[in-house]
Amino acid sequence: MGGSVEGSENEDFMVTYQELYDLNLAKLSTAVTHWRQMLDKLVILADGGDGEVNAADLERKANAADWKGDNATVSKRFTTTTARQFDDMVTEARSIHSVLRDAHTGLTKHRGDLRAAVAEWSKKQVYFDSKGKAERFSLVEKPVGPLPPADQDMVTAQADIDRILAAADETDRITARALRRHAESKYDFDERGYKSLKDADRHQGIEDADAMLRLAAKRDGMTDAELERFNRVAGYHRDNPAFAERFATKLGPEGTLEFWRSLADPGQGRTPSGERAKILATVQDNLGMTLATASRVDSAAMREWKDGIIALGDDRIHGPNGVRSAPFGFQVLGPLMTEGKWDSGFLNKYGEKLIDFERGKAKDPVLGTPDLLWKNQYNPAQLSYPPGANSERDPVAHLLEALGHNPEASLEFFGASSGHDGKGGLDEISNWDYLVDKENKDSRVWPKDDDGKTTGYQFLGHALESATLGYAYDSDDSAIPSTKTAEEIEARDGRTALMERVVDHYKTSDMIDKQDGIRESLARMAAGHIDSINYSEANFGGAGDRGGRGDLFGAEENQLRDFESSTSFIRALVTDKDAYETVSAAQQIYGASAMAAHGSDDAAAMDVGMHSVKMHGMLDEVRMEAIGKEFADEKGKRDMELAKQGAWRDFSASAVIGTVAGVGAAVIVPAGVAAAIAVPLAFEVAGGAAETHFATQTMDWLKQHEYNNRDEAVGAIQQARVDGGKNAMSPLLNWAESRGMSERQVWDVIEHAEVKYQTGAGRTDTDNARGH
């Protein structure tokens with residue numbers, strides 16, 4: 001068992017991959033059985049039940065007896081105390097049994113999860129060494145030399161194993177500490193016990209919170225070693241509601257802000273740097289995660305804490321020792337809100353007051369703009385670690401990052417109006433109008449970084465992602481939310497309605513370019529709503545419904561929405577390489593699934609397959625034109641980029657999706673180094689998860705190959721078109737093979753597809769030759 005968290009000098013031992021995989025639980029199972037038997041015997045000794053003498057009877061008789069002399073004090077007290085020790089003995093035995101029982105259950109599950117994950121990943125040729133590190137090699141023999149670069153399967157597999165090991169380690173740690181506490185008393189039994197391992201975790205959290213509160217009382221007087229100790233304990237408990245609530249409520253709203261204020265910027269020229277700044281970056285994350293966990297605890301004390309934090313938002317938080325800079329409460333809490341999932345109700349109440357405060361101050365003749373309001377350039381407080389861009393002092397950007405981790409709160413935030421100041425002093429405009437729509441006369445003037453860009457737009461993109469996709473923008477386990485209940489369908493409608501607004505707003509490159517850093521998020525949103533985008537594009541002349549568009553794409557069962565500006569949105573978005581790759585990957589997966597959704601209806605499958613080819617034509621044309629403009633005077637570089645456009649990916653998913661009977665409701669598409677995106681498929685779950693394999697070939701691979709650049713840019717564009725066509729045809733050809741089509745039939749499919757591809761290209765074409 002592992003070491004304790006607090007109050008022990010013992011080293012913390014982590015459960016290793018090999019230990020868990022080979023774990024023999026026979027002795028632990030025997031211990032559970034023996035302690036159950038011991039508990040039953042002790043209960044009889046303490047309370048009776050077999051007609052024999054027991055401690056309860058002994059205590060009753062001792063209290064009823066007529067004791068004389070010293071016996072009335074010494075003997076009687078010894079007898080009754082001894083009798084009560086049997087109750088304590090039962091309490092301790094019951095606690096030990098409960099802890100061991102739950103540990104056995106938990107570790108059995110963790111071991112089973114690990115073995116199942118290893119077996120599942122081995123089917124995809126992903127294996128693990130003795131330390132649990134993912135690696136890929138042939139089933140026949142392991143190659144000599146370095147392994148190939150990590151692909152998405154390996155990244156996901158490693159995350160699976162790490163998650164299982166972390167859960168096992170937590171079970172081990174809580175168990176070890178609970179048993180160690182029972183062993184601490186050498187002379188009597190423990191009158192306190194645990195009802196379960198979860199109860200032990202709760203008690204340990206409260207004990208450690210009290211210890212950390214004693215440290216927190218030192219504020220900026222904490223040494224580096226004490227900060228490391230705080231990090232270790234908070235890191236273990238930051239998802240423990242008991243620890244989080246205790247720590248937050250005992251500090252209190254003002255104490256919480258003053259605690260971080262004093263650590264982050266103690267003043268008097270003592271702004272942390274070097275090693276202490278690195279430690280504080282981890283403190284910031286752990287403290288933020290702890291407070292996020294606490295915010296979701298539904299108790300009177302936490303409701304009071306949250307109300308108090310909101311009330312302090314527009315107050316100045318003064319530092320220790322007469323430090324001149326005094327940031328607003330919003331600014332102090334801001335950096336702590338960028339990690340973890342904060343309570344939805346709190347985020348929207350906090351956000352309403354923050355936006356109202358900022359809008360009210362915008363009319364101040366001195367402060368004027370958010371840039372001046374939040375920057376405090378004369379006495380700036382360092383509140384965010386590691387130090388970075390000016391947006392680190394912009395609490396609105398921090399709020400948006402918090403919303404990026406809470407899709408329910410984010411959807412409500414962008415669907416509601418920002419409030420009034422209560423005195424009629426503000427016009428009512430929505431949060432969307434204020435934060436997104438730069439053409440609105442009352443929209444926010446975003447603070448700029450030192451390089452003239454606005455980092456805050458990246459956080460805006462994260463918030464819009466979570467609101468429109470239904471999962472945290474940086475989720476390690478992205479999954480499209482269910483739509484089985486009326487409430488879930490209503491939430492889905494809200495997400496697609498907001499996405500329609502996004503599509504309509506960001507329909508020009510200029511609008512996207514005005515918001516530095518948002519394009520990546522827009523691409524992930526497009527991938528997550530690729531089903532509605534396909535549905536919208538199947539409406540030439542507004543006649544789609546007359547042709548059965550709804551049935552073809554499953555519009556009703558999949559809650560699809562018509563985005564009238566989808567063509568303009570796509571044209572504006574995928575000029576960028578990364579955005580193109582993200583949306584193009586999603587399109588190929590969706591196109592294959594749309595064909596599979598029609599089962600034996602070959603005509604319908606062919607219709608949606610041809611539509612997918614047209615979509616690829618649209619995407620490829622936009623990217624080719626952008627490359628032509630971007631590299632007009634750099635032919636070699638331009639030609640390489642055009643080659644990459646067609647060769648960057650190599651899917652084999654299409655055939656599998658088309659032939660597997662049971663499939664999942666989404667697949668995860670890698671987008672370079674971007675977070676994973678759950679791409680919607682065109683059908684409901686029909687059984688187990690599909691064996692959906694696909695691989696990406698990295699840009700580095702291309703550098704190792706020779707491309708014969710054409711003498712003319714037009715030739716390079718044509719080669720890229722050929723490569724793009726191959727990718728567009730992949731689902732159709734796989735489907736044709738699964739149907740056993742003849743060469744004549746395949747030829748007809750190819751000719752029809754080429755027309756569709758050219759039609760799609762024409763839809764987004766403006767001027768390929770520009771720049772050549």
Side-chain angles (χ1 to χ4, degrees), residues 1-16 19-20 23-43 46 85-111 113 164-214 229-230 232-247 290 293 297:
M1 295 293 180
S4 67
V5 178
E6 169 62 19
S8 172
E9 297 303 323
N10 295 334
E11 181 181 358
D12 291 330
F13 296 99
M14 305 291 289
V15 174
T16 68
E19 285 173 342
L20 183 59
L23 185 60
N24 186 340
L25 292 166
K27 290 184 178 180
L28 180 57
S29 178
T30 300
V32 173
T33 300
H34 286 173
W35 275 99
R36 176 72 260 181
Q37 295 169 348
M38 176 65 72
L39 175 60
D40 291 341
K41 293 175 182 178
L42 289 174
V43 167
Q85 280 284 301
F86 277 90
D87 289 333
D88 294 344
M89 197 183 303
V90 168
T91 297
E92 187 162 345
R94 181 176 285 116
S95 176
I96 293 172
H97 171 259
S98 297
V99 168
L100 292 175
R101 176 200 64 207
D102 289 358
H104 182 270
T105 300
L107 290 171
T108 300
K109 181 181 184 301
H110 302 321
R111 183 186 63 183
D113 289 345
I164 294 168
L165 290 176
D169 186 68
E170 183 169 354
T171 297
D172 176 66
R173 174 176 51 81
I174 296 168
T175 302
R177 187 171 174 192
L179 296 176
R180 188 175 293 109
R181 202 206 79 176
H182 281 306
E184 286 174 353
S185 180
K186 299 179 181 179
Y187 305 109
D188 61 2
F189 295 96
D190 197 340
E191 72 277 7
R192 296 179 301 145
Y194 306 122
K195 298 177 182 178
S196 63
L197 203 60
K198 184 177 181 180
D199 185 47
D201 190 29
R202 185 180 71 84
H203 279 282
Q204 290 171 15
I206 291 173
E207 291 173 5
D208 286 349
D210 288 341
M212 292 305 98
L213 285 164
R214 290 191 290 272
R229 182 182 172 200
F230 178 89
R232 184 172 67 255
V233 177
Y236 278 125
H237 285 299
R238 64 187 194 176
D239 60 349
N240 183 336
F243 174 88
E245 180 189 23
R246 182 83 160 197
F247 188 80
T290 296
T293 299
V297 175

Roughly how far, to the nearest 0.5 Å, is [atom2] of [Y] from [atom1] of [X]?
X      : Y      : atom1 : atom2 : result
Phe247 : Met212 : CZ    : CE    : 8.5 Å
Arg101 : Thr33  : CZ    : OG1   : 12.5 Å
His104 : Thr175 : NE2   : OG1   : 12.0 Å
Thr108 : Leu28  : OG1   : CG    : 7.5 Å
Leu100 : Thr30  : CG    : OG1   : 11.5 Å
Arg181 : Ser95  : CZ    : OG    : 6.5 Å

For the residue pair [X] and [Y], what are the closest heavy atoms and their distance?
X      : Y      : answer
His110 : Ile164 : O-CG2, 3.5 Å
Ala200 : Ile174 : CB-CG2, 4.0 Å
Ile206 : Ala242 : CG1-CB, 4.1 Å
Arg238 : Thr293 : O-OG1, 2.6 Å
Pro241 : Val297 : CB-CG2, 3.9 Å

Discussion item. Can you classify the ring geometry of Phe243 versus His237 as parallel (below 30°), tilted (30 to 60°) or perpendicular (above 60°)?
Written reply: parallel
Worksheet item: Does the side chain of Leu165 come within less than 4.5 Å of Met14's, by heavy atoms?
Response: no
Worksheet item: Heavy-atom distance under 4.5 Å between the side chains of Lys198 and Asp102, does that happen here?
Response: no
Practice prompt. Using the salt bridge (Lys or Arg N to Asp or Glu O under 4.0 Å) rule, pick out the option among Arg177, Arg202, Arg246 that qualifies with Glu207.
Written response: Arg177
Worksheet item: Any donor and acceptor pair, going by atom type alone, linking the side chain of Asp201 with main-chain N or O of Asn240 inside 3.5 Å?
Response: no
Worksheet item: Would Leu23 and Val15 satisfy side-chain contact (heavy atoms from CB on, under 4.5 Å), going step by step from the backbone distance to the final call?
Response: CA-CA 10 Å; Leu23 185 60; Val15 174; over 6 Å; no
Worksheet item: Charged N to carboxylate O under 4.0 angstrom, Asp113 versus Lys109?
Response: yes
